[in-house]
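Not measured: the values here are computed from a predicted model. In what follows, every chain begins at residue 1, and chains take the letters A, B, ... in the order their sequences are listed.
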2 protein chains.
Amino acid sequence: MAVIRNTRSVRAVLEIFNSSKNPYSSVQLIDYFKGEMNKTTVYRILDRLRDGGVLHSFTDKNGLQWYAKCQDGCSSHEHVDLHPHFQCKDCGKTECIDVDFTLPSVGGHKVESAEFLLVGVCVDCLEKSSF
Amino acid sequence: MAVIRNTRSVRAVLEIFNSSKNPYSSVQLIDYFKGEMNKTTVYRILDRLRDGGVLHSFTDKNGLQWYAKCQDGCSSHEHVDLHPHFQCKDCGKTECIDVDFTLPSVGGHKVESAEFLLVGVCVDCLEKSSF
DNA sequence: CTATTTTTGCAACCGGGTTGCAATTAAACA
DNA sequence: TGTTTAATTGCAACCCGGTTGCAAAAATAG
């Protein structure tokens with residue numbers, strides 16, 4: 001398993017994820033690092049960090065990829081944190097929901113992972129729309 | 001709410017979904033109707049059937065859209081069936097899982113719907129790989 | 001300090017999905 | 001049945017998230 005090299009770009013991306021446990025989409029990061037880092041580089045760093053157990057990823061309502069910091073316990077061998085994500089259908093923001101759930105079993109099939117995406121309206125957008 | 005007209009194309013798409021409760025992806029349908037129906041038409045019919053409460057849709061692990069027949073009770077006003085979907089990471093096939101779950105509440109936010117995607121290896125692929 | 005391996009930038013590409021518009025076709029209604 | 005009106009379709013061009021191949025640059029091992 002290739003070691004992740006400590007490059008300027010990797011440090012920059014890690015800084016983002018270490019500063020908050022919120023998810024960021026590849027699109028957001030590409031925009032944020034525009035002029036500083038090529039989009040291909042961003043995609044590849046995210047891949048490596050996910051494969052290395054540093055980040056986990058999920059697919060949002062629109063098919064876009066989001067990434068967030070893993071809890072302790074995840075590794076390149078296995079992602080152990082299994083929690084839902086919330087997405088606001090108004091502003092698009094996502095959030096890790098700090099509740100565990102277990103993988104349900106499905107007759108015959110072998111279930112290995114799951115994505116649980118809750119969709120609705122976030123607190124901020126609720127407030128804005130109530131006037 | 002615009003009524004869905006009974007066109008040759010709509011009938012053809014409905015025939016597929018009425019013949020099985022399995023989900024089909026837009027890509028599969030576009031390929032199936034290749035030469036008979038424009039891809040734009042397929043996308044638009046799927047949109048209309050979803051908005052009309054005839055089909056429900058979900059996003060798979062690669063960001064692709066899948067559609068399946070709704071149970072009774074769904075309408076253009078509301079989709080009432082809330083069930084997980086399973087996707088085989090080997091063959092890509094998906095399946096509606098016939099188990100209900102309820103929308104969890106998430107502090108502050110208003111949760112309106114959810115997508116619960118289970119990922120693993122389906123029975124067929126398990127068998128194939130055991131030799 | 002050199003050899004080796006990974007990482008990066010770039011440009012071109014891929015593919016699912018959308019858009020605008022003109023031509024058809026279904027439904028409404030006389 | 002014929003006409004009017006509104007929905008549907010096909011087409012071509014487009015959008016955009018994500019990938020690929022390759023040569024140059026930067027990390028690490030020794």
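- Salt bridge absent: Asp98(B) and Lys21(B) never bring a charged side-chain N and a carboxylate O closer than 4.0 Å.
- The ring pair (Phe, Tyr, Trp, His ring centres under 6.0 Å) test applied to His109(A) returns Phe86(B), not counting sequence neighbours.
- Computed from coordinates, the Leu46(A) CG to dT7(C) C1' distance equals 14 Å when rounded to whole Å.
- Among pairs with a residue in residues 19-55 of chain A, those fulfilling ring-ring contact (aromatic ring centres under 6.0 Å, His included) read Phe17(A)-Tyr24(A), at least two apart in sequence or across chains.
- For Asp51(B) and dT8(D), the CG to P distance is 11 Å, given to the nearest whole Å.
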task: For nucleotides 9-18 of chain C, just jot down a letter per nucleotide in 5' to 3' order: B, S or -, based on protein non-hydrogen atoms under 4.0 Å.
output: BBB----SBB
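- Regarding Leu49(A), its CG atom lies at a distance of 10 Å from the P atom of dT7(C), rounded to whole Å.
- The existence of a salt bridge linking Asp90(A) and Lys128(A) is excluded, since no basic side-chain nitrogen approaches an acidic carboxylate oxygen closer than 4.0 Å.
- Take Tyr67(B) and apply the ring pair (Phe, Tyr, Trp, His ring centres under 6.0 Å) test, not counting sequence neighbours, and it matches no residue.
- Under a 4.0 Å N-O distance rule, the pair Glu112(A)/Lys110(A) qualifies as a salt bridge.
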Check: protein-nucleotides 25-28 of chain D nitrogen or oxygen pairs below 3.5 Å:
unit_1: dA27(D); atom_1: N3; unit_2: Arg5(A); atom_2: NH1; d: 2.9
unit_1: dT28(D); atom_1: OP1; unit_2: Asn6(A); atom_2: N; d: 3.1

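- Salt bridge absent: Asp47(B) and Arg44(B) never bring a charged side-chain N and a carboxylate O closer than 4.0 Å.
- The distance between atom CZ of Arg48(A) and atom P of dT19(D), rounded to the nearest whole Å, is 13 Å.
- Considering only residues two or more places apart in sequence or on other chains, Ser105(A) meets the side chain to side chain contact (heavy atoms under 4.5 Å, CB included) condition with none of them.
- Nucleotide dT8(C) holds its P atom 12 Å from the CZ atom of Phe33(A), rounded to whole Å.
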